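To start, the structure under review is shown below, and the notes come after it.
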Amino acid sequence: MSNTETSITSARASVMIYDDTNKKWLPSGTSSGLSRVHIYHNIQNNSFRVVGRKIQDHEVVINCAILKNLKYNQATPIFHQWRENRQVYGLNFSSKDEADAFAHTMMKVIDLL
Ligand SMILES: CCOC(=O)[C@@H]1C[C@@H](CC)[C@@H]2C=C[C@H]3CCN(C(=O)[C@@H]4CC[C@H]5C=C[C@]6(CCCN6C(=O)[C@H](Cc6ccccc6Cl)NC(C)=O)C(=O)N54)[C@@H]3C(=O)N12
């Protein structure tokens, strides 16, 4: 993360990707487990992205731009998802409160893009 980026929210979640071939969710990265998922604001070019690192070994398991037409789907109170190109990401949050706070910021970012 370059120093022109600030974290505007973060949450604990399991980061999942959807395996369209086998129709199932897989953990993103080399193993399942909780990550710290941030929304970073790049103040130089006023862009935003979702970056998540495994809490245990800091593996980057998501690094995806938030673009203006992103549809953020709150499928359940703690499982939120969105598509980026051919990939579908899912965040399985540790708690409803963390899910709510993350979604609130995500929706505000999408609104201002
Ligand atoms: C409890 C037991 O949960 C489970 O065992 C698994 C593992 C759980 C986490 C570890 C996770 C948790 C919660 C549930 C909640 C439901 N759900 C699903 O996957 C549903 C069910 C059917 C399945 C079909 C398709 C699929 C997958 C890919 C994308 N998509 C869509 O529907 C998209 C959605 C969308 C809508 C709008 C904008 C963006 C996007 Cl992305 N629509 C379109 C138009 O793109 C989807 O989300 N699907 C989860 C689930 O089962 N599980």
Side-chain angles (χ1 to χ4, degrees):
M1 183 205 93
S2 61
N3 60 7
T4 57
E5 289 186 298
T6 57
S7 173
I8 59 174
T9 193
S10 84
R12 278 167 309 163
S14 297
V15 181
M16 317 292 292
I17 49 173
Y18 192 69
D19 172 357
D20 209 50
T21 311
N22 300 307
K23 302 283 180 242
K24 65 185 179 122
W25 292 95
L26 300 172
S28 182
T30 52
S31 67
S32 55
L34 277 183
S35 292
R36 172 61 57 188
V37 184
H38 294 264
I39 294 178
Y40 283 129
H41 179 206
N42 182 316
I43 47 189
Q44 268 176 330
N45 59 19
N46 196 29
S47 65
F48 298 84
R49 60 181 176 143
V50 178
V51 178
R53 297 179 189 85
K54 294 294 283 303
I55 286 168
Q56 196 205 349
D57 60 9
H58 310 139
E59 179 189 11
V60 176
V61 291
I62 184 169
N63 177 6
C64 124
I66 302 174
L67 302 177
K68 70 175 182 304
N69 54 6
L70 190 150
K71 303 259 180 312
Y72 187 75
N73 185 50
Q74 302 181 46
T76 76
I78 62 160
F79 186 78
H80 301 173
Q81 58 188 162
W82 69 94
R83 288 186 298 273
E84 185 201 41
N85 304 326
R86 310 269 318 133
Q87 187 70 271
V88 180
Y89 289 104
L91 298 180
N92 206 33
F93 291 93
S94 295
S95 72
K96 186 183 173 323
D97 288 354
E98 295 202 65
D100 288 349
F102 190 90
H104 179 77
T105 303
M106 173 65 90
M107 307 296 270
K108 267 178 27 186
V109 165
I110 294 167
D111 267 357
L112 63 82
L113 287 175

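In this text, all values refer to a predicted model and were calculated from it rather than measured experimentally. When reading the values below, keep in mind they use all heavy atoms of this one structure, side chains included, and skip hydrogens, waters and symmetry mates. Sequence positions, counted from 1, serve as the residue numbers for this chain.
- Between the CD1 atom in Ile66 and the CD atom in Glu84 there is a gap of 10.5 Å [rounded to 0.5 Å].
- Under the 4.0 Å criterion applied to side-chain N and carboxylate O atoms, Asp100 and Lys96 are assigned as salt-bridge partners.
- For Glu98 (side chain) and Phe93 (main-chain N/O), no donor-acceptor pair under 3.5 Å exists by modelled atom type.
- Between Ala99 and Ile78 the shortest heavy-atom distance is CB-CA, 4.1 Å.
- Tested against Thr9 for a side chain to side chain contact (heavy atoms under 4.5 Å, CB included), the candidates Val50, Ile39, Val109 yield a single pass: Ile39.
- Nearest heavy-atom pair across Trp82 and Lys71 is CB-O, 3.4 Å.
- In this structure, the ring of Phe102 has its center no less than 6.0 angstrom from the ring center of His80.
- Legend: residues meeting side-chain hydrogen bond (donor to acceptor under 3.5 Å, both in side chains) with Glu59, ordered by chain and number and at least two apart, are Thr30.
- Here the side chain of Lys54 pairs no donor or acceptor atom with the backbone of Arg36 at under 3.5 angstrom.
- Put simply, the side chain of Asn45 gets close to the backbone of Ser47: a donor and an acceptor are under 3.5 Å apart.
- At a threshold of 4.5 Å between non-hydrogen side-chain atoms, the residues Cys64 and Gln87 do not count as touching.
- No donor-acceptor pair under 3.5 Å is formed between the side chain of Thr4 and the backbone N or O of Asn42.
- No side-chain donor from either of Asp97 and Ser95 sits under 3.5 Å from a side-chain acceptor of the other.
- Side chain of Ser35 to main chain of Gly52: no donor-acceptor pair is present (N/O by atom type, distance under 3.5 Å, no hydrogens or angles).
- Ring planes of Phe79 and Trp25: perpendicular class, angle over 60° (limits at 30 and 60°).
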